[in-house]
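See below for the structure under consideration.
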Amino acid sequence: MKKILSGLVVAGAFALALTGCSTPAGGGADDGIITVGFAQTGSESGWRSANTDSMKAAFSEANGFKLVFNAADNKPEAQIAAVRSFINQGVDAIVIAPIVTDGWDDVLKEAQAANIPVILEDRTLSSSDSLYASWVGLDFNREGERAGEWVKQNFDGKAANLVILEGTTGSSAAKDRSAGFTSAIAGTDINVLDSQTGNFTRAEGKTVMEGFLQKYGNTINVLFAQNDDMGLGALDAIKAAGLKPGVDIQIVTIDAVHDGMQALANGEFNYIVECNPLLGEKVAALVKSVLAGTKVDKATIVEDGAFTKDDAIKLLPTRPY
Ligand code: GYE
């Protein structure tokens, strides 16, 4: 923390003396603690909870951080306001999990003008990469493609009817998963009946699936939900319509959080493409490197797997989230 009140410095030095720690090099104005503002999307899904937990664990006091956490409830303007407030507070670094890709130029330029490095985690944004130091996340396009490859393998040649629950409109996760999925099923005879956003939440996944079932009845053969939570919401709608999820309507989702893996083990989901939320340690290491002036990669992609029912049964007992 650079901009610290002198009283706090004294208190901090006293605490350090008590615990036997030495004053950091340079002493005085810098207590060695790195203050990081983290602008999280919200708390829309199981994936998000696991990601928030991972970030809070990595940006702990024991690791030398003070974390200023904000969750924007999936409202892009609120997230930009949170970043602006981090700049005003004079934090040492800002981490953003961008809700949507667009609208970031101004606030990123403000951070740059204030000399505060920005590190992105999870989703990407559309601003020039000169406006942020680094990004760590997943290959959403490949995730969508893997889901599409599974649909192609199981349904091509059957004139199957498919519905899609998309993630948050304007998010890189939704855009790239849609693009990857569409390219994987291109040229097949799979018929996309409908595709609507369920905003990555269980509640909206359920409501939108209810609408699909009203409109298309039992002609739906397969559902692609762009995250587990929307798929889990859809399970309720499918059961309420008197249909058997996993059998009457086969389901492929993305994430592989605990409840999703449980549904897969139960035979209610048929396939899950993994999306790893445990990014905290990688982000914390990037923040330290950037602040130390070490050159870092502009992009770090974390590998994902994909799971069947048998995998889920085997892995469930040891899954960390
Ligand atoms: O798949 C979904 C969450 O951006 C990868 O956001 C993330 C997505 C994740 O709400 O569950």
Side-chain angles (χ1 to χ4, degrees), residues 38-55 71-76 78-79 95-102 104 119-126 135-148 164-181 196-206 208-209 223-235 251-264 269 271-280 282-283 299-307 319-321:
F38 173 36
Q40 178 60 292
T41 60
S43 51
E44 69 279 0
S45 66
W47 190 98
R48 192 59 56 192
S49 314
N51 180 248
T52 294
D53 290 350
S54 164
M55 290 290 286
D73 198 22
N74 271 308
K75 297 189 172 69
Q79 192 175 39
V95 179
I96 309 173
I99 298 167
V100 291
T101 53
D102 296 349
W104 288 100
I119 285 89
L120 307 176
E121 73 118 18
D122 166 26
R123 301 180 192 168
T124 54
L125 41 69
S126 58
W135 163 79
V136 57
L138 305 308
D139 186 343
F140 301 135
N141 187 288
R142 179 71 194 124
E143 290 170 354
E145 197 176 56
R146 285 177 97 151
I164 301 173
L165 289 169
E166 299 162 22
T168 300
T169 305
S171 68
S172 69
K175 291 196 224 185
D176 296 353
R177 285 173 184 170
S178 291
F181 185 85
Q196 281 179 41
T197 182
N199 222 0
F200 281 134
T201 69
R202 273 187 209 209
E204 286 181 65
K206 182 177 177 213
V208 176
M209 192 66 200
L223 162 68
F224 168 40
Q226 291 187 350
N227 79 343
D228 287 345
D229 283 79
M230 293 189 293
L232 291 162
L235 289 183
I251 302 174
V252 53
T253 67
I254 298 176
D255 273 356
V257 295
H258 180 271
D259 291 359
M261 291 294 267
Q262 189 63 64
L264 184 59
F269 284 179
Y271 195 63
I272 302 182
V273 178
E274 186 186 31
C275 180
N276 190 341
L278 306 181
L279 306 176
K282 289 198 170 59
V283 183
T300 307
I301 292 176
V302 175
E303 280 294 309
D304 291 319
F307 306 118
R319 291 285 285 177
Y321 57 90

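In listed order, ligands and their atoms are each counted from 1.
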Minimum side-chain heavy-atom gap Asp259-Arg202 below 4.5 Å:
yes

protein heavy-atom neighbour closest to atom 11 (O) of ligand 1 works out as Asp255 OD2, 2.7 Å

Between Gln40 and Asn51, does a side-chain hydrogen bond (donor to acceptor under 3.5 Å, both in side chains) hold up when you go through it step by step?
CA-CA 9 Å; Gln40 178 60 292; Asn51 180 248; 3.0 Å; yes

Do Asp122 and Trp47 touch side chain to side chain, with heavy atoms closer than 4.5 Å?
yes

Geometry only, no angles: is Arg177 polar-contacting ligand 1 at N/O separations under 3.5 Å?
yes

Trp47, any N or O under 3.5 Å of ligand 1 N or O:
no

Side-chain contact, heavy-atom cut-off 4.5 Å: Leu138 with Leu279?
yes

Here the atoms of ligand 1 under 4.0 Å from any heavy atom belonging to Ala173 are 4 (O)

Steps toward side chain to side chain contact (heavy atoms under 4.5 Å, CB included) verdict (Ile272, Met261):
CA-CA 8 Å; Ile272 302 182; Met261 291 294 267; 4.2 Å; yes

Under 4.0 Å from any heavy atom of Ser45, which atoms of ligand 1 are there?
2 (C), 3 (C), 10 (O), 11 (O)

Tell me, which protein residue and heavy-atom name are nearest atom 7 (C) of ligand 1, and how many Å apart are they?
Asp122 OD1, 3.3 Å

Is it possible for you to check whether Arg319 lies under 6.0 Å from the centre of the six-membered ring of Tyr321, through NZ or CZ, and within 45° of that ring's axis?
yes

Looking at ligand 1, would Ile254 count as a contact under a 4.0 Å heavy-atom criterion?
no

Numbered atoms of ligand 1 (with element) below 4.0 Å of Arg48, judged on heavy atoms
3 (C), 4 (O), 6 (O), 7 (C), 8 (C)

Atom 10 (O) of ligand 1 - nearest protein heavy atom and its distance
Glu44 OE2, 2.5 Å

Can a side-chain donor-acceptor contact be found between Lys282 and Thr300 if the only test is distance below 3.5 angstrom?
no

